[in-house]
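In listed order, ligands and their atoms are each counted from 1. If you read the sequence from its start, that first residue is 1, and numbering goes on from there.
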Amino acid sequence: MKATAQIGVTGLAVMGRNLARNFARHGYTVAVHNRTPTRTKALVEEFGHEGDFVAAETAEQFVAALERPRRLMIMVKAGEPTDAVIEEFASLLEPGDVIIDGGNAHFADTRRREKSLRERGIHFVGAGVSGGEEGALHGPSIMPGGSAESYASLGPMFESISAKVDGEPCATHVGTDGAGHFVKMVHNGIEYADMQLIGEAYDLLRQVAGFSPARIAEIFRGWNEGRLGSYLIEITAEVLAHTDAATGLPFVDVVADAAGQKGTGRWTVQTALDLGSPVTAIAQATFARAASSQAELRAAYRGLPGGTTRELTSTEAERFTSQVEYALYASKLIAYDQGWKMILDAADEYGWDIDLGAVAKIWRGGCIIRAAFLDRIRAAYAEDPDLVSLLSDKGFAAEITDAQVPWREVVAIATRRGVPAPAFSAALSYYDSLRADRLPAALTQGQRDYFGAHTYRRTDREGSFHTLWGEEGRTETEA
Ligand code: 6PG
């Protein structure tokens, strides 16, 4: 087998197959391999005309087909299957070669794998790939981590097959070891929050304004032309406008209202707890999916009293619609700010040098949260790379100011009417917590010192203190 392939893809399910096709369409010679060779054969038979494929039946043939330094992309299920495939190929590779994991691996696994393979002289690149099967074929957003040396050889290839926005690739070297998979995980956490916020906006327009799914689809179509414009808003209009062929009912009314989750949103929240990053909107979105799937518990709650409802006049309904737009946008801004802060917290924790503006830049296209809004974030970081919060940007601060009254009105109406809005409410409370002059955390510290002598700090002098709660006079001592 002559070594002619610039890239190899093993694992030819739809994502792997589409990435292989994307590389081939961009002029690369692509070695392709799959545990069951029939898939390899089928790919070349059906799409061989799209470019230069080298079909490999065995791992040895696959490796032999790759020019040096070998670049071998694994597209298999995250977890043990990935470990098994890495081991199968690592023993066939030589120092300087590169293994890329394009699956949704947990960043901690990627850090472990990168360290272990680095000790064998092999580069390991955990690359987040966002945009689903369509994105893999037509242009995903690609978030590779790993060594600078591996990106030197891989970067031009990823940039050529990625989505493009304003002629710029939606791919960049995110940072070392697990940084790429970490940022992909946060992308998915933000995706959960985005989807939950859209769901809450839909539910409020349905239950409070009394609009039909078709009418709400129109509203989302209109919002898609403005500052909320995004892939998720666009597909929401499509889903809400869809009629179920079997029943003639609105599609959204025949779908079981129990949300699934493959796990990346859960990982985001688990990791945020460890980092101390309060991603409250992402957490509420993840828990909302779990709550929706608690059939027995929901049955036990069903019928319990809720809020008060009354019909809105058409004028009130139109006004409410505008208020929901403000609430959705403001809540989205908070959710994104939480995600970016989490990336910053992780960069500090793991020693990654992540360009937060570049993350926004490569999320403008190709990925599931793609939106013009991300170019606003890119521009904010371009103006001030050390931005502490998106709300430190004048433009975003003005928008959150404009949203105050409607945002609070929508959360109040949702509460009064018993319409669940966990992510809207969490985003608003997060905002109010962070802008508060004083928080009840002072009382928490007093309680902790009372029952556990956990000490507290004071506002008027340095040091840690403990009050002798059980003694007369309750004097305090310097801890
Ligand atoms: C992407 C998507 C993808 C995700 C699925 C479903 O960026 O292309 O986020 O990676 O795994 O869309 O994820 P859930 O089952 O967790 O919703």
Per-atom contacts of ligand 1 with Ile368, taking only distances under 4.0 Å to non-hydrogen atoms: 1 (C), 2 (C), 7 (O), 8 (O)
Of the choices Lys184, Glu133, His187, which has the non-hydrogen atom that lies closest to atom 10 (O) of ligand 1? Lys184
Take the angle between the ring planes of Tyr336 and Trp340 and call it parallel below 30°, perpendicular above 60°, tilted in between. parallel
Starting from atom 9 (O) of ligand 1, which protein heavy atom do you reach first, and at what distance in Å? Glu191 OE1, 2.6 Å
For Tyr192, counting its heavy atoms only, list the atoms of ligand 1 lying under 4.0 Å from any of them. 14 (P), 16 (O), 17 (O)
Closest protein heavy atom (residue, atom, distance) for atom 4 (C) of ligand 1: Asn188 ND2, 3.6 Å
I need the atoms of ligand 1 closer than 4.0 Å to a non-hydrogen atom of Thr264, numbered in the order shown. 16 (O)
Which residue holds the protein heavy atom closest to atom 7 (O) of ligand 1, what is that atom called, and what is the gap in Å? Ser130 OG, 2.6 Å
So is Arg215 actually on top of Phe211's ring, under 6.0 Å and inside 45° of the axis? yes
Is the NZ or CZ atom of Arg227 both under 6.0 Å from the centre of the six-membered ring of Phe373 and within 45° of that ring's axis? no
When you measure from atom 15 (O) of ligand 1 to every protein heavy atom, which one gives the shortest distance, and what is it? Lys262 N, 2.9 Å
Look at Arg111 together with Glu114 and state whether they make a salt bridge at an N to O cut-off of under 4.0 Å. no
Would you say Gly132 and ligand 1 have an N/O pair spaced under 3.5 Å apart? yes
Taking Glu159 first and then Lys164, would you say they form a salt bridge - that is, a charged N and a carboxylate O separated by under 4.0 Å? no
When you compare ligand 1 with Gly131, is there at least one nitrogen or oxygen pair between them that comes in under 3.5 angstrom? yes
Determine, for Asp375 against Arg370, whether the closest basic-nitrogen to carboxylate-oxygen distance falls under 4.0 angstrom. no
Scan side-chain atoms only and decide if Thr271 and Asp274 contain a donor-acceptor pair under the 3.5 Å cut-off. no
Regarding Asp345 and Lys341, does a basic nitrogen lie under 4.0 Å from an acidic carboxylate oxygen? yes
Classify the contact between Arg289 and ligand 1 as side chain, backbone, both or neither, using a heavy-atom distance cut-off of under 4.0 Å. side chain
Output yes when Asp177 and Arg113 qualify as a salt bridge under the 4.0 Å nitrogen-oxygen rule, no when they do not. no
To the nearest 0.1 Å, how far is atom 11 (O) of ligand 1 from its closest protein heavy atom, and which atom is that? Asn104 ND2, 3.2 Å
Go through ligand 1 atom by atom and flag the ones less than 4.0 Å from a non-hydrogen atom of Gln261. 15 (O), 16 (O)
